[in-house]
Structure formats: C-alpha cells, structure tokens
2 protein chains.
Amino acid sequence: MSASDQAPATADDVFAALASPVRRDLLRLLLGGTRTVNELAAHFDMSRPSVSEHLRVLRDARLVSERKAGRERHYSLEPRPLLELRDWLNPYEKFWRQRMRALRDALEEEP
Amino acid sequence: MSASDQAPATADDVFAALASPVRRDLLRLLLGGTRTVNELAAHFDMSRPSVSEHLRVLRDARLVSERKAGRERHYSLEPRPLLELRDWLNPYEKFWRQRMRALRDALEEEP
DNA sequence: ACAATACGTAGGATATTTCCTACCTGTCAA
DNA sequence: TTGACAGGTAGGAAATATCCTACGTATTGT
C-alpha cells in the first residue's frame with residue numbers, strides 16, 4: 001500500500017499518521033501553504049530522510065499531496081481526511097452535550 | 001505516568017490512544033453507557049488482560065474514567081479530550097473552507 | 001560535461017507496542 | 001470459610017515504529 005494507490009485511506013491510516021507529533025507538526029507547517037521537503041525538514045532536529053518517511057506516512061493517509069516541480073517536491077495539505085475525523089468525532093460531541101444538559105438540569109433542581 | 005496522576009493528559013497521549021482501532025472500538029462501546037471490563041472484553045477476540053491494558057492507555061489519556069463497584073470496575077466515557085481534539089481540528093476546517101471558497105470563486109469566474 | 005542540489009530508498013539498530021499466559025488481590029456467595 | 005469471579009500486574013515474545021547513514025536518481029547551474 002503506497003501513496004500511488006488510488007484506494008482511499010482508511011481511518012486506521014489517518015489515526016496512525018496523527019499519532020506522531022512530528023507528523024502533526026508537519027501538517028501544522030503546511031497550514032501556511034505549500035512547502036518543499038527541505039523547507040519542512042529545516043524545522044526539525046532530524047535527518048531529512050526521516051522527514052521524507054514521515055511525509056510518506058502522511059501521503060498514504062491522504063493527509064498531504066505532492067507535486068513534482070523540477071527537482072523539488074511541493075507538499076500540500078489535504079484536509080479531507082481531517083473532515084472525516086470531524087465526522088468520527090460527531091457522536092462524541094452529542095454525548096458531551098447530553099452530559100452537559102444533564103448536569104445543568106441537576107443543578108437547576110437543587111439550587 | 002499512570003492514570004492516578006492528576007496531571008492533565010497531553011495531546012500526545014490522546015492521539016496515541018486513538019491510534020489503536022481496539023481503543024477506538026472501546027470508546028464507541030462506551031457511547032452506549034458505562035460498561036464493566038468483562039462486558040467490554042466480550043466484544044473482542046482478545047484476552048481480557050489485553051483489554052485491561054488498552055483501558056489503561058485510555059485512562060492515562062483521560063478518555064475514560066473508572067469507578068469501583070464491588071468487585072467490578074465500571075468504565076465511562078470522558079469526552080473532554082475529544083473536544084480538545086475538535087479544537088485542534090479547527091484551523092484545518094478553516095483551511096478547508098478557504099479552499100472551497102477559492103474553488104467556488106474560480107468556477108464562477110469561468111462558467 | 002560535471003558538480004551540486006533535491007529527495008527518495010535500503011538496510012539496520014533500537015525503542016515501543018501489542019499481544020499472550022501466569023499469577024496476584026479483592027469481593028461475593030454458599 | 002472457602003470457592004468462584006472480577007480484574008489488575010508481571011514478564012516475555014513478536015511485530016512495528018522511529019530514527020540513522022549510505023547510496024541512487026533526477027534535475028539544475030556552470
């Protein structure tokens with residue numbers, strides 16, 4: 001399963017990709033716009049090849065895309081999997097609101 | 001760093017906890033309400049002690065809480081870290097809306 | 001043409017995760 | 001009291017993750 005597959009990324013891929021703080025930092029950097037590998041690697045106390053590997057994990061999870069431009073590779077943020085994460089989160093937000101409502105009701109009953 | 005600490009869970013703990021599909025299934029089961037360890041373990045093709053370890057990871061991330069009741073332990077969902085995850089997601093949703101807006105504007109320009 | 005640059009891949013060392021079985025403590029019920 | 005049950009912990013095997021250096025390939029500039 002490499003980044004060149006057209007198959008959609010699984011939730012597993014996305015959650016696993018987000019588990020690394022390095023990869024979350026990479027996503028945050030890409031919020032500022034497209035970046036080359038060297039530009040990204042400059043932010044880390046880590047070898048460039050290791051950053052390349054993290055980028056591959058992010059690519060496999062469809063969280064970033066790459067565009068070849070001469071000898072550079074321009075990486076861009078692809079927010080769609082994060083929107084699916086928001087959908088995953090939705091039932092838990094509902095749960096949260098129910099709990100808040102119950103707490104408020106209990107407080108109103110005994111003032 | 002055990003679950004008995006009062007220190008708040010880090011984003012790292014939360015993302016790492018969510019990286020396992022078993023632990024995400026545990027959270028989903030707890031959406032239905034409080035469950036004992038045995039009730040939870042019954043849903044998995046895995047030994048009960050292994051489920052216990054997954055529960056510890058979720059506890060350390062403050063994603064679940066436990067309440068002792070006789071010889072049972074009742075586990076409950078604690079949605080607060082997931083709400084922080086939603087906050088983490090926020091800038092990416094803004095990014096997404098910007099991108100959608102740009103696409104829409106481009107389409108209007110060239111109909 | 002040739003050196004330098006950008007970046008990926010290979011192979012490997014080490015750390016971490018994930019599962020197991022064995023075992024322990026605390027609680028309940030007969 | 002004693003046996004059964006709930007569930008955590010210990011120790012270890014196997015798989016995976018994370019980093020490195022060395023190297024290969026494609027592109028650019030001189």
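These numbers come from the heavy atoms of this one structure, side chains and all, not from hydrogens, waters or symmetry mates. Remember, predicted model here, so these are calculated numbers, not experimental data. Numbered from 1 within each chain, the chains take letters A, B, ... in sequence-line order.
In this structure, A:Leu58 places its CG atom 16 Å from C1' of C:dC7, rounding to the nearest Å. Atom-to-atom, CG of A:Leu26 to P of C:dC7 comes out at 13 Å; the value is rounded to the nearest Å. When the P atom of C:dA29 is taken as reference, atom CZ of B:Arg71 falls 6 Å away, rounded to whole Å. Here C:dT17 presents its P atom at 18 Å from CZ of A:Phe15, a figure rounded to the nearest Å. Taking atom NE2 of B:His54 as the reference point, atom P of C:dT16 lies 18 Å away to the nearest angstrom. Atom CG in B:Asp25 sits about 12 Å away from atom P in C:dC19, given to the nearest Å. Nucleotide C:dA6 holds its C1' atom 11 Å from the NZ atom of A:Lys68, rounded to whole Å.
The main-chain N or O of B:Asp105 is never found under 3.5 Å from a side-chain atom of B:Glu108 such that the two would form a donor-acceptor pair. At least one donor-acceptor pair closer than 3.5 Å links the side chain of A:Arg24 to the backbone N or O of A:Leu18. A donor-acceptor contact shorter than 3.5 Å is absent between the side chain of A:Arg35 and the backbone of A:Leu40.
Contact check on A:Arg73 versus A:Glu66 returns a salt bridge, with a Lys/Arg side-chain nitrogen under 4.0 Å from an Asp/Glu carboxylate oxygen.
Across every non-hydrogen atom of A:Ser65 and A:Glu78, the tightest pair is OG-OE2, 2.9 Å. Residues A:Pro81 and A:Ala61 approach most closely at CG-O, 3.5 Å, considering heavy atoms. Summarising the geometry of B:Tyr92 relative to A:Pro79, their closest heavy-atom pair is O-CB, 4.1 Å, with the distance given to 0.1 Å.
Boundaries of the chain A contact region on DNA chain D are D:dT18 to D:dT28, first to last in 5' to 3' order (nucleotide atom under 4.0 Å from a heavy atom).
Note on A:Met100 and B:Leu30: separate hydrophobic clusters, where clusters join Ile, Leu, Val, Met, Phe, Trp and Tyr whose side-chain heavy atoms are under 4.5 Å apart, directly or indirectly.
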Could you pull out the protein-nucleic contacts involving nucleotides 8-12 of chain C (nitrogen or oxygen on both sides, under 3.5 Å)?
residue, atom, partner, partner atom, Å
C:dG8, OP1, A:Tyr75, OH, 2.9
C:dG8, OP2, A:Ser52, OG, 2.2
C:dG8, N7, A:Arg48, NH1, 3.0
C:dG8, O6, A:Arg48, NH2, 3.0

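A:Asn38 has a side-chain polar atom (N or O) that falls below the 4.0 Å cut-off from OP1 or OP2 of C:dC7.
A 6.0 Å sphere centred on CZ of B:Arg104 holds more than 12 heavy atoms belonging to other residues, nucleotides or ligands.
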